[in-house]
2 protein chains.
Amino acid sequence: MNKEQLLKKLGSRIRIIRIEKGMTQGELANSIGKDQQSIQRLESGRVNPSVFYLHEIALGLDVELKDLFHI
Amino acid sequence: MNKEQLLKKLGSRIRIIRIEKGMTQGELANSIGKDQQSIQRLESGRVNPSVFYLHEIALGLDVELKDLFHI
DNA sequence: ATGGGGCACAACAGATTTGTTGTCTTTTAA
DNA sequence: TTAAAAGACAACAAATCTGTTGTGCCCCAT
């Protein structure tokens, strides 16, 4: 799996979890002190996020960090 | 869990897996085109690594990416 | 038709990671 | 004891992330 594929899969997984939880990008962002554009960039796979950033995302989604990587 | 704790735990877990596999920092590094100092910095928890970097680490350790996060 | 909510993309500055080189200490083996 | 291997830390440049602002599109309700 190359870098682009990995980031797109990760972004898609996060988006799916967010929608399952009934949250908007803005709501997820606000819950962890970020803004909508940052979440959008992540879900679209345009960045290679850091572990701690994903840790915060997991908190906002109320899932375990490792659950973001079932990809 | 704060940032510092997370990164230290992640680094420790990677170190444990590496040693279980009988690899040195240099061997892990070489197997994925990095160098020893980069692995050392990761295992000591002094950096907040990117997802793709950890993906490469997982390849070098022959484990799944999600396995690095059982912390 | 107008306005608001949700989402997408670009660009900027500042902060941070990553690759790299250099050096040092500790451990292991001869 | 000596040398080599393994690991630790610092600092630099280049690349990249992250926070932020600005903007635009689409859908839906008023």
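Just so you know, these numbers come straight off a predicted model, no measurement behind them. Lettering follows sequence order; numbering is per chain, from 1. Reckoned from all heavy atoms, side chains included, excluding hydrogens, waters and symmetry mates.
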Exercise for the section: Check the surroundings of atom CD in B:Q5: do more than 12 heavy atoms from other residues, nucleotides or ligands lie under 6.0 Å from it? Expected result: yes
Exercise for the section: Let me know, please, whether B:S44 or A:K3 comes out on the 5' side of the other along DNA chain D by nearest nucleotide. Expected result: B:S44
Fill in the blank from the handout: Residue set satisfying salt bridge (Lys or Arg N to Asp or Glu O under 4.0 Å) with A:E56, at least two apart, ordered chain then number -> A:K34
Practice task
Indicate whether OP1 or OP2 belonging to D:dT18 is found under 4.0 Å from a side-chain N or O atom of A:S50.
Solution key: yes
Exercise for the section: Look up atom CG in B:L61 and atom CE in B:M23, then write down how far apart they are to the nearest 0.5 Å. Expected result: 6.5 Å
Practice task
Anything under 4.0 Å to a heavy atom of chain A counts; send over the first and last such nucleotide of DNA chain C, read 5' to 3'.
Solution key: C:dG6 to C:dA11
Problem - B:S31 side, atom OG; B:K21 side, atom NZ - distance, nearest 0.5 Å - result: 11.5 Å
Practice task
Kindly compute the distance separating CG (A:L68) from CD1 (A:I14), expressed to the nearest 0.5 Å.
Solution key: 5.0 Å
Fill in the blank from the handout: salt bridge (Lys or Arg N to Asp or Glu O under 4.0 Å) filter on A:R41, not counting sequence neighbours, yields none
Practice task
Sugar-phosphate atoms are those with a prime plus P, OP1 and OP2; base atoms are the rest. Using that split, label each nucleotide of nucleotides 20-30 of chain D B, S or - for protein heavy atoms under 4.0 Å, 5' to 3'.
Solution key: BBB--------
Practice task
Please report, rounded to the nearest Å, how far the P atom of D:dG19 is from the CG atom of A:L42.
Solution key: 11 Å
Exercise for the section: Would you check, one step at a time, whether the test side-chain contact (heavy atoms from CB on, under 4.5 Å) holds for B:F69 with B:L54? Expected result: CA-CA 10 Å; B:F69 295 98; B:L54 291 176; 3.7 Å; yes
Handout entry: Euclidean distance, atom CG of residue B:N48 to atom P of D:dA15 [Å, nearest integer]
Key = 21 Å
Fill in the blank from the handout: When B:K9, B:R18, B:K8, B:R13 are each screened for salt bridge (Lys or Arg N to Asp or Glu O under 4.0 Å) with B:E43, the one that passes is B:R18
Practice task
Whole angstrom is fine here: how far is it from CG in A:N30 over to C1' in D:dG19?
Solution key: 14 Å
Practice task
Return the set of residues passing side chain to side chain donor-acceptor pair (under 3.5 Å) with B:S44 (not counting sequence neighbours), or none when no residue passes.
Solution key: B:R46
Exercise for the section: Please round to the nearest 0.5 Å and tell me the distance separating atom CG of B:L28 and atom CG of B:D35. Expected result: 11.5 Å
Handout entry: Axis bend over the full length of the helix from C:dA1-D:dT30 to C:dA30-D:dT1, computed from five pairs that close each end, to 10 degrees
Key = 40°
